[in-house]
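These numbers come from the heavy atoms of this one structure, side chains and all, not from hydrogens, waters or symmetry mates. Numbering of residues begins at 1 and proceeds along the displayed sequence.
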Amino acid sequence: QVQLVESGGGLVQPGGSLRLSCAVSGANLDYYAIGWFRQAPGKEREGVSSISNSDGSNYASSVKGRFTISRDNSKNTVKLQMNSLKPEDTAVYYCAADPRGLRQLDAIGFIDWGQGAQVIISS
């Protein structure tokens, strides 16, 4: 079983930046796709970004151009750089692992999940 631990969440003003990290253990990250998802209070979980095992990435339209996903397999880490943050980005952010290695924003296939990191965008 893959273990995932998110870090880097916090409170930041609109227009600011945060970088989330997902530390992965218990498996060879080389084979996995990693996705970032978020869930805001009262809303359904949504896919934010994912990166395949061949470094292909995709983004939700709401974050495209502002967020950047990257992976460092040597450090078993995937990062999500979030710039130009908006109040609507406020949510709990989760990273998850898909053993199929496919980049996608649908949660189906992501079988292991972290506990989440709170991100609050507020002035």
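- Classification of the Phe37-Trp113 ring pair by plane angle, with boundaries at 30° and 60°, yields tilted.
- In terms of modelled atom types and a separation under 3.5 Å, the side chain of Ser84 and the main chain of Gly15 share no donor-acceptor contact.
- Counting only heavy atoms from C-beta outward, the side chains of Val24 and Val2 approach each other to under 4.5 Å.
- A salt bridge between Asp98 and Arg103 is absent, with no side-chain N of the basic residue lying under 4.0 Å from a carboxylate O of the acidic one.
- Here the side chain of Glu6 pairs a donor or acceptor atom with the backbone of Gln115 at under 3.5 angstrom.
- Ser49 places a side-chain N or O within donor-acceptor distance of the main-chain N or O of Asn58, the cut-off being under 3.5 Å.
- Formation of a donor-acceptor pair under 3.5 Å by the Tyr32 side chain with backbone atoms of Ala96 is not found in this model.
- Nearest heavy-atom pair across Asp89 and Tyr93 is O-OH, 2.6 Å.
- The pair Lys79-Asp72 does not count as a salt bridge, with every side-chain nitrogen at least 4.0 angstrom from each carboxylate oxygen.
- Of the candidates Thr68, Ile51, Val48, Leu18, Val48 is the only one forming a side-chain contact (heavy atoms from CB on, under 4.5 Å) with Leu80.
- Closest approach of Tyr59 and Ile69 over heavy atoms only: OH-N, 2.9 Å.
- Asn76 contributes atom CG, which lies 11.0 Å from atom CD of Gln3 (distance to the nearest 0.5 angstrom).
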Audit row: Glu46, Arg38, side-chain contact (heavy atoms from CB on, under 4.5 Å) steps and yes/no:
CA-CA 6 Å; Glu46 63 171 337; Arg38 67 185 182 187; 2.6 Å; yes

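- At least one donor-acceptor pair closer than 3.5 Å links the side chain of Thr77 to the backbone N or O of Lys75.
- Here the two rings, on Trp36 and Phe67, have centers that are 6.0 Å apart or farther.
- Gly9 approaches Leu20 most closely through the heavy-atom pair N-CD2, 3.5 Å.
- When atom types are taken as modelled, the side chain of Glu44 and the backbone of Gln39 share no donor-acceptor pair closer than 3.5 angstrom.
- The main-chain N or O of Leu29 is found under 3.5 Å from a side-chain atom of Arg71 such that the two form a donor-acceptor pair.
- For Arg19, the CZ atom counts as loosely surrounded, since its 6.0 Å shell holds 12 or fewer non-hydrogen atoms of other residues, nucleotides or ligands.
- In this structure, CG on Asp30 lies 12.0 Å from OG on Ser54, to the nearest 0.5 angstrom.
- When hydrophobic clusters are built by joining Ile, Leu, Val, Met, Phe, Trp and Tyr residues whose side-chain heavy atoms come closer than 4.5 Å, directly or via intermediates, Val63 is grouped together with Val12.
- Considering only heavy atoms from C-beta on, Leu85 stays 4.5 Å or farther from Pro14 through its side chain.
- The shortest non-hydrogen separation linking Pro99 to Gly109 is CD-O, 3.6 Å.
- When all heavy atoms of Ser17 and Asn83 are compared, the closest pair comes out as OG-OD1, 2.9 Å.
- Checked by atom type and distance alone, the side chain of Ser50 pairs as donor or acceptor with a backbone atom of Gln104 at under 3.5 Å.
- Scanning both residues, Cys22 and Leu4, for their nearest heavy atoms gives SG-CD2, 3.6 Å.
- Leu102 and Tyr31 fall into different hydrophobic clusters, where Ile, Leu, Val, Met, Phe, Trp and Tyr side chains are chained together by heavy-atom contacts under 4.5 Å.
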